[in-house]
Amino acid sequence: MARPGSVPGTAPVLRRRPDPADSLVWEPSDRWVRGTKNGVTVVDSRRAVLVWEPGVPVPVYAFPAEDVRMDLLRRFERPPGRRHAGATEFYDLVVGDEVVRSAAWGCPGEELAGHVCFAWFGREVLDHWYEEEEEIFVHPRDPHKRVDALPSTRHVQVEIEGTVVADTRSPVLLFETDLPVRYYFPREDVRLDLFTPTDTNTRCPYKGVATEYWSWAGEGDVRPDIAWSYPDPLPAVGVIKDRIAFYDEFVDVIVDGERQQRPVSVFGKR
């Protein structure tokens, strides 16, 4: 339907573009966010801001300094490691006898003046982060991304080195923005006798903690931890509970008789 006053057929057709790669982008969040270290609340804010740094696909939170235990932050000179766009103030976190280096930094720009960011992904700076009463992992959830887990009746098979290792007509398809679709198989439809359990576990801000992983026990050059499962996923994707998915980047997937092209993603590195 055309908008009032518009001329049908004259609107430009544009593909959605990502934010400029050289820009720091921010937006306010309505979520109550808290972070703790060694049982001490370091951040408690209802005025959090989501910040996307240039070239970084996932956000971090920035908080007004009034919502941060600034008495636990110790300022130091510019760190030798990764730079944060425009930041000129850097902090260690000191809680009791523990010192966490390069834990936080001051945000640049007039709009974010007086805000503090904390390091996330890959850094155990704070022990626990919470949005409202739900613990979150790895990085804040991006409000512009979706994760939908949909039951299906497609016929999906997975082959490794020519061997069918999973075959189902009742998969759950998990669609996550900017990532390949993942096919979650009922456990009984996976040849687990062809795999070896491992001790690996990973965390996802959208799905929870995957505490079960398996590696291919057969021959061939197959990446370790090729399959995984979430025994207790977050409620939004509860339908994948105990199901098993594979890294489609390294296996062959056949959907309704059609062999799929192996996707390219950030998980394509061994």
Side-chain angles (χ1 to χ4, degrees), residues 56-58 120-122 135-139 141-142 144-270:
V56 181
V58 296
W120 284 61
F121 25 90
E135 186 169 9
I136 57 175
F137 311 101
V138 189
H139 62 78
R141 296 168 183 154
D142 188 329
H144 303 287
K145 294 184 182 293
R146 285 188 61 91
V147 177
D148 296 307
L150 306 179
S152 177
T153 56
R154 297 198 201 193
H155 182 200
V156 183
Q157 298 169 292
V158 170
E159 291 183 357
I160 297 179
E161 297 295 321
T163 299
V164 176
V165 300
D167 188 331
T168 189
R169 294 181 182 273
S170 57
V172 169
L173 276 58
L174 190 137
F175 301 92
E176 185 169 350
T177 305
D178 295 330
L179 288 176
V181 59
R182 298 298 185 196
Y183 303 93
Y184 280 80
F185 291 78
R187 193 164 294 226
E188 61 271 19
D189 291 341
V190 178
R191 290 281 309 276
L192 284 176
D193 58 303
L194 301 176
F195 297 86
T196 302
T198 75
D199 295 328
T200 300
N201 65 81
T202 59
R203 299 183 297 174
C204 171
Y206 305 103
K207 298 185 287 293
V209 183
T211 56
E212 291 185 290
Y213 269 84
W214 294 267
S215 290
W216 171 241
E219 298 181 352
D221 183 21
V222 180
R223 67 153 287 168
D225 297 320
I226 192 68
W228 68 89
S229 182
Y230 288 88
D232 188 23
L234 293 175
V237 292
V239 71
I240 69 171
K241 177 180 173 64
D242 290 329
R243 288 173 172 259
I244 297 174
F246 295 83
Y247 281 114
D248 297 356
E249 295 85 344
F250 300 99
V251 301
D252 294 309
V253 178
I254 300 96
V255 180
D256 292 333
E258 183 175 344
R259 190 172 297 269
Q260 306 297 296
Q261 183 176 354
R262 290 188 180 184
V264 176
S265 80
V266 296
F267 296 103
K269 299 178 181 179
R270 294 180 184 272

- Query: Hey, mind stepping through K207 and L234 against side chain to side chain contact (heavy atoms under 4.5 Å, CB included) and telling me if it holds?
  - Reply: CA-CA 5 Å; K207 298 185 287 293; L234 293 175; 5.8 Å; no
- Message: Looking at E188, I'd like to know if its CD atom is crowded, meaning that more than 12 non-hydrogen atoms belonging to other residues, nucleotides or ligands lie closer than 6.0 Å.
- Response: yes
- Query: More than 12 foreign heavy atoms under 6.0 Å from CG of D199: is that the case here?
  - Reply: no
- Residue pair S152 / Y183, side-chain donor-acceptor N/O under 3.5 Å: no
Straight-line distance of [X] [atom1] to [Y] [atom2], nearest 0.5 Å:
{"X": "C204", "Y": "E176", "atom1": "SG", "atom2": "CD", "value": "5.5 Å"}
{"X": "I226", "Y": "E249", "atom1": "CD1", "atom2": "CD", "value": "8.5 Å"}
{"X": "E212", "Y": "D242", "atom1": "CD", "atom2": "CG", "value": "7.0 Å"}
{"X": "R203", "Y": "T211", "atom1": "CZ", "atom2": "OG1", "value": "13.0 Å"}
{"X": "Y213", "Y": "N201", "atom1": "OH", "atom2": "CG", "value": "8.0 Å"}

- Message: Under the criterion side chain to side chain contact (heavy atoms under 4.5 Å, CB included), I'd like the reasoning laid out for H155 against D167: C-alpha separation, chi angles, the key distance, then a yes or no.
- Response: CA-CA 7 Å; H155 182 200; D167 188 331; 2.8 Å; yes
- Query: For I244 and L192, what are the C-alpha separation, side-chain angles and deciding distance, and is it a side chain to side chain contact (heavy atoms under 4.5 Å, CB included)?
  - Reply: CA-CA 10 Å; I244 297 174; L192 284 176; 3.8 Å; yes
Do [X] and [Y] come close enough that some side-chain heavy atom pair is under 4.5 Å?
{"X": "S170", "Y": "D189", "result": "yes"}
{"X": "F195", "Y": "I160", "result": "yes"}
{"X": "Y206", "Y": "R141", "result": "yes"}
{"X": "R169", "Y": "T153", "result": "no"}
{"X": "V239", "Y": "L150", "result": "no"}
{"X": "F246", "Y": "V253", "result": "no"}

Between [X] and [Y], which heavy-atom pair has the shortest distance, and what is it?
{"X": "L173", "Y": "P171", "value": "CD1-CG, 3.7 Å"}
{"X": "R182", "Y": "D248", "value": "NH1-N, 3.3 Å"}
{"X": "T177", "Y": "R146", "value": "OG1-N, 2.8 Å"}
{"X": "W216", "Y": "V222", "value": "CD1-CG2, 3.6 Å"}
{"X": "D142", "Y": "H144", "value": "OD1-N, 2.8 Å"}
{"X": "R243", "Y": "P186", "value": "NH1-CD, 3.3 Å"}

- Task: For the pair T163 (side chain) and V165 (backbone), establish whether a donor and an acceptor sit closer than 3.5 Å, ignoring hydrogens and angles.
- Result: no
- Item | D178: partners by salt bridge (charged side-chain N to carboxylate O under 4.0 Å, His left out), with sequence neighbours left out | K145
- Query: Hey, mind stepping through I136 and W120 against side chain to side chain contact (heavy atoms under 4.5 Å, CB included) and telling me if it holds?
  - Reply: CA-CA 11 Å; I136 57 175; W120 284 61; 3.6 Å; yes
- Message: Show me the pairs that pass side chain to side chain donor-acceptor pair (under 3.5 Å) and involve residues 224-239, at least two apart or across chains.
- Response: Y184-W228, R187-S229, T198-D225, T200-D225
